[in-house]
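The structure appears right after this line, and notes come after that.
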Amino acid sequence: MPQNFSTPDLSQTRLGVSFFEQPAVDVAKQLLGVIMNRRLGGQILRARIIETEAYLGPKDLASHSSKGRTARTEVMFGPPGRAYVYFIYGTYDMFNVIVGVPGEAEAVLFRAAEPLDGWQADLSGPGKLARAFRITRADNASDLTGDEIYFESDPDYRPRILKTKRIGVAYAKHWQHRLLRFIDAKSPVAAKLRR
DNA sequence: ATGTCGATTTAC
DNA sequence: TAAATCGACATC
């Protein structure tokens, strides 16, 4: 039986480690429009990412890595493409991906997304996004290029990228003013995001 | 051992 | 505009 060698390889659209090896700002921007996948038992939860924030390492006073290497931030100083999940306000888990050069502790926070495939969920905020995707501290340090949580590019989708200051980082001296939050203005959900 | 405060959300 | 809620981190 002759094999069909021209069968499209769907995994080509899946984002690998090299994508996450880029600087945080690049990853944060390129993540807009990307499809996030989470395998839960038999089904897969999917959503298009529409809001992210970049955190630039120990020098960035808004980043947890500016506190140095601690039990909590340890994963930030590790290899890119891994999850950094932390608990805050006694209620929410925040989902991030480590990016850039290992040891430089850059990260991107996932802040909002549009559910796909008829999935009814409110993903407009980092706490709500993580909760809906069932992501908790148990997922900390997990590989985001594997089969549990992974990302697919959608070359046909072109986001309209809006830049603003990051949310909730007023304590971060001059870093609070940096335009490190990225929103896809094309998304209907973008209209109701916090300003 | 104790106090402060947060990469948020929701309700008043 | 403020309360909820608890763990990380700093300080005593």
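In what follows, every chain begins at residue 1, and chains take the letters A, B, ... in the order their sequences are listed.
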Basic-acidic side-chain contact under 4.0 Å: [X], [Y]:
X: Arg131(A); Y: Asp93(A); answer: no
X: Asp147(A); Y: Arg39(A); answer: no
X: Arg82(A); Y: Asp139(A); answer: no

N/O (side chain, [X]) to phosphate O (OP1/OP2, [N]) under 4.0 Å:
X: Tyr171(A); N: dA7(B); answer: yes
X: Thr91(A); N: dC6(C); answer: no
X: Lys128(A); N: dT10(B); answer: yes

Measure from NZ or CZ of Arg48(A) to the centre of the six-membered ring of Tyr157(A) and say whether it is under 6.0 Å with the direction within 45° of the ring axis.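 So Arg48(A) does make the cation-pi contact.
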Flag this pair as yes if the NZ/CZ of Arg14(A) is under 6.0 angstrom from the six-membered ring centre of Tyr150(A) and inside a 45 degree cone about the axis; otherwise no.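 Yes.
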Check for a donor-acceptor pair, side chain of Ser187(A) on one end and backbone N or O of Asp184(A) on the other, with a separation under 3.5 Å.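 Not a single qualifying donor-acceptor pair exists.
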Closest to the [X] side chain, choosing from [options]:
X: Ile88(A); options: dG6(B), dT9(B), dG7(C); value: dG6(B)
X: Arg111(A); options: dA10(C), dA7(B), dT10(B); value: dA7(B)
X: Tyr84(A); options: dA7(B), dT10(B), dA10(C); value: dA7(B)
X: Arg137(A); options: dC9(C), dG7(C), dA7(B); value: dG7(C)
X: Arg72(A); options: dA8(C), dA7(B), dT8(B); value: dA8(C)

When all nucleic acid strands are considered with a 4.0 Å heavy-atom cut-off, which category describes Phe87(A): base, sugar-phosphate, or nothing?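 Sugar-phosphate, no base atom in range.
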Applying a 4.0 Å non-hydrogen cut-off, can you work out what Leu109(A) is touching in the nucleic acid: base, sugar-phosphate, or nothing?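 Touches a base.
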Using a 5.5 Å cut-off between ring centres and planes within 30 degrees, is Tyr89(A) stacked on the base of dT8(B)?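 Yes, Tyr89(A) stacks on the base of dT8(B).
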How far apart are the C-alpha atoms of Glu53(A) and Arg111(A), what are their side-chain angles, what is the distance that settles it, and do they pass the salt bridge (Lys or Arg N to Asp or Glu O under 4.0 Å) test? CA-CA 7 Å; Glu53(A) 276 177 1; Arg111(A) 292 192 55 92; 3.6 Å; yes
Between [N] ([atom2]) and [X] ([atom1]): distance, integer Å:
X: Leu123(A); N: dT8(B); atom1: CG; atom2: C1'; answer: 15 Å
X: Met94(A); N: dC6(C); atom1: CE; atom2: P; answer: 15 Å
X: Tyr92(A); N: dA7(B); atom1: OH; atom2: P; answer: 15 Å
X: Leu61(A); N: dG6(B); atom1: CG; atom2: C1'; answer: 15 Å
X: Phe182(A); N: dA7(B); atom1: CZ; atom2: C1'; answer: 15 Å

Determine whether a donor-acceptor pair (one donor, one acceptor, N or O, separation below 3.5 Å) exists between the side chain of His64(A) and the base of dA7(B).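 Such a pair is found, so the answer is yes.
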Between dA7(B) and Tyr86(A), counting only base atoms on the nucleotide and side-chain atoms on the residue, is there a donor-acceptor pair under 3.5 Å?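 Result: at least one qualifying N/O pair found.
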Taking only the P atom of each, what is the distance from dT5(C) to dT2(B) in whole angstrom?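 Result for the P pair: 22 Å, nearest Å.
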Can you tell me which stems DNA chain C forms when a stem means 3 or more consecutive Watson-Crick or G-U pairs under 3.5 Å?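 Counting only runs of 3 or more consecutive pairs, the stems involving DNA chain C are B:1-6 with C:6-11, B:8-11 with C:1-4.
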